Amino acid sequence: MLKIHNNLTKRKEPFVPIDPKNVRMYVCGMTVYDLCHLGHARVLVVFDVVYRYLRRVYGTEHVTYVRNVTDIDDKIIARANERGEKIDQLTNHFIEEMTRDADALGVLHPDEEPRATRHMGEIIDMIQALIDKGYAYQAGKGDREGPLGDKVNGPGGDREGPLGDKVNGPGGDREGPLGDVYYDVSRFEHYGQLSGKNTDDLRVGARVEVDTAKQDPLDFVLWKAAKPGEPYWESPWGRGRPGWHIECSAMATCCLGNHFDIHGGGLDLQFPHHENEIAQSEAATGEKFVNVWMHNGFVRIDEEKMSKSLGNFFTIREVLEKYDPEVVRFFILNSHYRSPLNYSDKHLDEAKAALTTLYNALRGVTPVEGGDVQAYAARFEAAMDDDFNTPEAIAVLFELAREINRLRGSDAQAAGRLAAELVRLGGCLGLLQRDPEDFFKGRRPTEIQADYASRTTTTHNAEVASGFSEAKIEILIEARTEARKNKDWAESDRIRDELLAQGVVLEDGPQKTTWRQE
RNA sequence: GGCUGAGUGGCAGAGUGGCUAUGCAGCGGACUGCAAAUCCGUGUACCUCGGUUCGACUCCGGGCUCAGCCUCCA
């Protein structure tokens, strides 16, 4: 029985899907104005594993995973201006880069990847519903109950056009917060449940914002009026764009229904983003929004949160120049998803050594299907059932590996059966799916390797250039084998050292010598 | 200040009211021309002070330390 830690109740609870034939999960994805960093990698990988495991439990066809893309917001506008690009030129570019990183990390594609700009209709409808039900008000209209219907006929207009074309359009006449629409937090009774805050405490600590028409510092913006030169969509409240929180409410309910099973994201989204999503969605639909809230912990550097604002982040791209993507994936999954994850080269090196051990067990063993290997699977599943305890699941993988190594000399069949199981269980985590030789020889999945090679920095290319080609390595190994036959140990060791200097480690097996890239 | 979460062996990282996590590193042995890989053996870890208990690293309370949220952030 799968149990999940539900952040709404702060407890581990049995997971009971609303509809086992269609388990539904929404995860807050990226705001696409820059390359993804390791924090994004963690969300990507963690929820990929959740997705994989749900598919395993409920069947591949019975899980719907939605991960959105935020493709309009202040930072995107700012970045596009900096780069002199149109908004969708910028966002399309970084969506491509994000997909490339996700693919490299072995992340399955979600069933849907909705983009905010493609869901303006739903967003506007939801804001209207909130206004109609008295949960939202328009700035500048003192009477929050006031009829806003005078402009409701607007949204049909021409909002579907590519926004980039409109940046310099005639939108400039609207200024300031007059067209802003805010959510009235005081109207939502359960505000603060998810983040464990109460509105009184929040008000005490609230910062006073200047230049805002909020009636309460806790209120947040649903619709932001466009300033001159900003991109906009037509709405009943004038030209503008959606606030950040409303897009997720709209896309989630649009793709998965008003009430669905799991909502995930980084811990930093718990407040205010997810709290606001609940307030919006439940007020608008009158139904419970989400049963289970899951948040993954932060990636840290030197015991400090990795974040854009602190500037202490590594992009996925940078890390993949030094480490195999599967090593990065292993590193992420080797600690529990709710724990902090400290990044350092040393830890990545250890992850590499550990993954090497696993692939070593697979090397030279032919997987054989069948056999009694239930004990390992049972323990693996028990670990995963316990709130996706991947470190414990990985421990089972190592025990399997040791057993394979014990048996490989005496009972190849039995070893093969265990190897098949190791590969199968590894697959639940998106690990160990490559030919071991490819892993040892530093071959990345072809497409990605070619792609990275063409994009990586000169230092990286220089390193690669200094290494020996596989053909040259094979030739040297042959020469060494010849020397060993003649018991010319000096020559044999010289060749081994020469290869070692290039990061190639030799292993003399009973039949032949194999090698791996260090 | 308010609210979370965390403190485990050299390092990383699970877990449990009494019984081996696991990995990396180290040490001893086997194997090897020597290595590497692998196997076998090996480490009386659980922040601190009280309490509950036959028994607590594990439950409760105080303290100390760290991280996070309360502002954009995965």
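All values reported here derive from a predicted model rather than from experimental measurement. Within every chain, numbering begins at 1; the chains are lettered A, B, ... in the order of the sequence lines, protein sequences first and strands thereafter.
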If we take the [atom1] atom in both [N] and [M], what is their distance in whole Å?
N	M	atom1	answer
B:U8	B:G13	C1'	9 Å
B:C11	B:U38	P	24 Å
B:G61	B:U53	C1'	16 Å
B:G55	B:A12	P	34 Å
B:U42	B:A35	C1'	23 Å
B:G50	B:A67	P	28 Å
B:U22	B:A45	C1'	15 Å
B:G51	B:U58	C1'	15 Å

Check: Can you tell me if A:Asp386 uses its side chain to pair, donor with acceptor, with the backbone of A:Asn389 under 3.5 Å?
Finding: no
Would you please indicate if the ring centroids of [X] and [Y] are separated by under 6.0 Å?
X	Y	value
A:Tyr343	A:Phe314	yes
A:Phe260	A:Phe289	yes
A:His295	A:His274	yes

Next item on the list: Using a strict cut-off of less than 4.0 Å between a Lys/Arg side-chain nitrogen and an Asp/Glu carboxylate oxygen, indicate whether A:Lys75 and A:Asp34 qualify as a salt bridge.
Entry: no
Notebook entry, point to check: Is a salt bridge present between A:Lys441 and A:Glu437, judged by a nitrogen-to-oxygen distance below 4.0 Å?
Noted result: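 The answer is yes: the pair qualifies as a salt bridge.
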What's [X] touching, base or sugar-phosphate or nothing? Going by heavy atoms closer than 4.0 Å.
X	value
A:Lys75	base
A:Asp74	nothing
A:Leu506	base
A:Thr514	nothing
A:Ser335	sugar-phosphate
A:Asn296	base
A:Arg480	base
A:Val299	base
A:Lys487	nothing
A:Arg408	nothing
A:Glu304	sugar-phosphate
A:Asp508	base
A:Arg484	base
A:Arg300	sugar-phosphate

If pairing requires Watson-Crick or G-U wobble contacts with both distances under 3.5 Å, which nucleotide is the partner of [N]?
N	value
B:A67	B:U4
B:G17	none
B:C39	B:G29
B:A12	B:U22
B:G55	none

Next item on the list: Cation-pi check, A:Arg363 to A:Phe440: give yes when NZ or CZ is under 6.0 Å from the six-membered ring centre and within 45° of the ring axis, no otherwise.
Entry: yes
Check: Closest nucleotide of RNA chain B for A:His37 versus for A:Glu303: which of these residues is on the 5' side?
Finding: A:Glu303
Notebook entry, point to check: Taking for each residue the nucleotide of RNA chain B with the nearest heavy atom, is it A:Ala401 or A:Ile394 whose nucleotide lies nearer the 5' end?
Noted result: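 Whichever sits nearer the 5' end wins; that is A:Ile394.
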Next item on the list: Could you list where the contact with chain A starts and ends along RNA chain B, reading 5' to 3', using a 4.0 Å heavy-atom cut-off?
Entry: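 First-to-last contact on RNA chain B, by the 4.0 Å heavy-atom rule, is B:G2 to B:A74.
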Notebook entry, point to check: Just checking, any donor-acceptor pair under 3.5 angstrom between side chains of A:Asp103 and A:His109?
Noted result: yes
Check: With no hydrogens and no angle check, do the side chains of A:Thr64 and A:Glu112 hold a donor and an acceptor under 3.5 Å apart?
Finding: no
